[in-house]
Amino acid sequence: MKKTIAILSDVHGNYTALSSVINDIKTNQVDETWFLGDLIMPGTGGDDLFDLLNEVHTTVFLRGNWDDCLFEVLDSTDPFNFEDSADVYVGILTQYVYAHLSKKNIEKLRSAPISLEKTVNGVKIQISHNLPNINYGPDLIAQADTPAFNQLFDTEHTDIAVYGHIHHQVLRYSSLDQLVINPGSIGMAYSKHTRLNKDRRAQYALLTIDDSGVSNVDFKKVNYDISQEAHRADSYNLPYAALYQESIKTGISRVSDGELLATINEANGYISQLKQFLLHEQKRLTK
C-alpha cells in the first residue's frame with residue numbers, strides 16, 4: 001500500500017513559514033508527517049508551532065540542537081557565563097520562548113528523542129536531526145564526502161537515512177548506496193551559493209513508498225509572506241528582532257558576531273534582564 005510522508009525540519013520559530021508549509025501539505029495526499037527537530041528559536045513561535053504540527057498527523061517528533069538550548073539554559077547547575085555575548089543571546093531567547101510555551105509542550109520537547117527508526121512497507125529508515133547520536137555539528141554538510149554520510153547508518157540493513165540540521169535540501173547516497181534525504185529548512189533555508197541563497201522559500205520534502213520501495217522523493221519549496229513574519233517579530237516584541245528579520249530576508253545570519261551581540265546586549269540591558277530571569281527560575285526550582 002502506497003504511503004506518502006511529509007518530512008519537515010528546522011522551523012526555528014518561523015510561524016508564518018510553517019503555516020504556509022502546513023497549508024501546502026494539506027493540498028497533497030499525505031498520510032503522516034515527520035518533524036526532525038529545531039522547532040523553536042530565534043523566531044516568535046511557541047505553542048502555536050505545536051498546534052500547526054498537530055494539524056497534519058505528525059507521528060515523528062525529534063529534538064534538535066536549538067531545542068536543547070532551551071534546557072541547557074533552564075536546567076544547567078553551572079554558573080552562567082554572562083561574559084559570553086552568544087550565551088546571553090541564547091539565554092534571552094530562552095526567556096522569551098519559555099514564556100510562550102505551555103508546560104505540556106515543554107515536556108514534549110524535553111522528552112523527544114534526537115533519532116529513531118521506522119519501517120514503512122518493509123523499507124527501514126533511520127530518522128535523526130543530525131547524526132543518530134549527536135544532534136549538532138558540521139559532519140553532514142551538503143558538500144561532505146560520501147563517507148561522512150555512512151555515519152547515518154548503524155547497519156547495512158538500513159535502507160534510507162533522513163536528517164535535518166544543515167538547512168539545505170540534499171539527496172545523497174552512502175558508500176553502500178543507501179539513500180540519504182534532507183528536506184531542508186522551513187524557517188531558515190541556506191545555501192553557500194549567493195544566487196541560490198536568495199531563494200527564501202520554505203523547504204520540505206515528500207517521501208512516497210509503495211509496495212516495491214521508494215517510488216518518489218519530491219523536494220518542495222513554498223512561498224510565504226516574509227514581510228508578515230518580519231512584522232510579527234516587531235509586534236510580538238521578539239528580542240534581537242532586527243537580526244532575525246535580516247536572516248529571514250537575506251539568508252545571512254550574524255549571530256556569530258560576538259561584538260555585534262555584545263553591543264545589542266548592552267543597549268537593551270539584556271544581561272541584567274537575564275540575571276533576574278535565571279535567579280527567579282533558580283528560586284522556583286528550589287521551592
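Because only heavy atoms are used, hydrogens play no part in the values below, and waters and symmetry mates are left out as well, while side chains stay in.
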Using atom types as modelled and distance alone, determine if a side-chain donor or acceptor of [X] lies under 3.5 Å from a backbone N or O of [Y].
X    : Y    : answer
Y163 : L140 : yes
Q126 : E117 : no
N150 : S174 : no
D67  : G64  : yes
S111 : E107 : yes
Q178 : T158 : yes
T58  : V60  : no
R200 : A189 : yes
E55  : L52  : no
D225 : S227 : yes

Could you walk me through whether N65 and D38 pass side chain to side chain contact (heavy atoms under 4.5 Å, CB included), step by step? CA-CA 6 Å; N65 56 307; D38 276 0; 3.1 Å; yes

N130 and N135: side-chain hydrogen bond (donor to acceptor under 3.5 Å, both in side chains), yes or no, with the steps? CA-CA 5 Å; N130 187 41; N135 65 358; over 6 Å; no

For T16, check side-chain hydrogen bond (donor to acceptor under 3.5 Å, both in side chains) against everything at least two apart and list the hits.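 Partners of T16 by the side-chain hydrogen bond (donor to acceptor under 3.5 Å, both in side chains) criterion, ordered by chain and then number, come out as E229.
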
Taking side-chain hydrogen bond (donor to acceptor under 3.5 Å, both in side chains) as the definition, give me every residue that meets it alongside K221, ordered by chain and number, with sequence neighbours left out.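 Here the qualifying residues are D199.
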
Under 3.5 Å, is there a donor-acceptor pair between the Y96 and N237 side chains?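 The answer is no; no qualifying pair exists.
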
Answer with yes or no whether the side chains of S185 and Q203 bring together a donor and an acceptor at under 3.5 Å.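 Absent: no donor and acceptor within the cut-off.
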
Could you tell me if the side chain of [Y] sits less than 4.5 Å from the side chain of [X], heavy atoms only?
X    : Y    : value
L53  : L39  : yes
I25  : L8   : yes
V180 : L152 : yes
I125 : W34  : yes
D139 : Q151 : yes
L49  : V11  : yes

Check the pair V73 / L278 against side chain to side chain contact (heavy atoms under 4.5 Å, CB included), numbers first and verdict last. CA-CA 8 Å; V73 174; L278 293 177; 3.9 Å; yes

Sidechain N-carboxylate O distance under 4.0 Å for [X], [Y]:
X    : Y    : answer
R254 : E246 : yes
D24  : R201 : no
D75  : R110 : yes

Please report the closest heavy-atom contact between [X] and [Y], naming both atoms and the distance.
X    : Y    : answer
Y204 : I7   : CB-O, 3.4 Å
G37  : S9   : O-OG, 3.8 Å
S247 : S253 : CB-CA, 4.5 Å
D84  : A86  : OD1-N, 2.9 Å
A230 : K249 : CB-CE, 3.8 Å
P132 : S115 : O-OG, 2.7 Å

Picking from N268, N265, V88, I92, what satisfies side chain to side chain contact (heavy atoms under 4.5 Å, CB included) with Q273?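 The residue from N268, N265, V88, I92 that satisfies side chain to side chain contact (heavy atoms under 4.5 Å, CB included) with Q273 turns out to be I92.
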
Shared hydrophobic cluster, [X] / [Y] (ILVMFWY, side-chain heavy atoms < 4.5 Å):
X    : Y    : result
L109 : L36  : no
V170 : L62  : no
Y173 : I209 : yes
L131 : I141 : no
V255 : F82  : yes

For side chain to side chain contact (heavy atoms under 4.5 Å, CB included), just list the numbers for H168 and N182, CA-CA rounded to whole Å, side-chain angles, deciding distance to a tenth of an Å, and then say yes or no. CA-CA 7 Å; H168 194 301; N182 191 308; 5.8 Å; no

Taking everything shown except [X] itself, do over 12 heavy atoms lie less than 6.0 Å from its [atom1]?
X    : atom1 : result
E266 : CD    : no
K108 : NZ    : yes
E83  : CD    : no
K26  : NZ    : yes
Y236 : OH    : no

Can you list every pair that meets ring pair (Phe, Tyr, Trp, His ring centres under 6.0 Å) and has a residue in residues 123-156, with sequence neighbours left out?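 Listed by first then second residue: H129-H165.
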
Interatomic distance, [X] atom [atom1] to [Y] atom [atom2] [nearest 0.5 angstrom]:
X    : Y    : atom1 : atom2 : value
I264 : E259 : CD1   : CD    : 12.0 Å
T33  : L206 : OG1   : CG    : 9.0 Å
Y98  : I106 : OH    : CD1   : 5.5 Å
L93  : T44  : CG    : OG1   : 11.5 Å
L279 : F80  : CG    : CZ    : 14.0 Å
I166 : S191 : CD1   : OG    : 10.5 Å

Would T146 and S175 satisfy side-chain hydrogen bond (donor to acceptor under 3.5 Å, both in side chains), going step by step from the backbone distance to the final call? CA-CA 6 Å; T146 297; S175 298; 5.8 Å; no

Chi angles and distances behind the side chain to side chain contact (heavy atoms under 4.5 Å, CB included) call for M188, Y244: CA-CA 10 Å; M188 290 184 167; Y244 176 65; 3.6 Å; yes

Can you list the steps and then say if N121 with D210 is a side-chain hydrogen bond (donor to acceptor under 3.5 Å, both in side chains)? CA-CA 7 Å; N121 291 343; D210 59 22; over 6 Å; no

For Y270 together with Y89, are the ring centres under 6.0 Å from each other?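 No, they do not, as the ring centres are separated by 6.0 Å or more.
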
Hey, what's the ring geometry for F61 with F50, parallel, tilted or perpendicular (30° and 60° as the breaks)?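 Answer is tilted, since the angle falls between 30° and 60°.
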
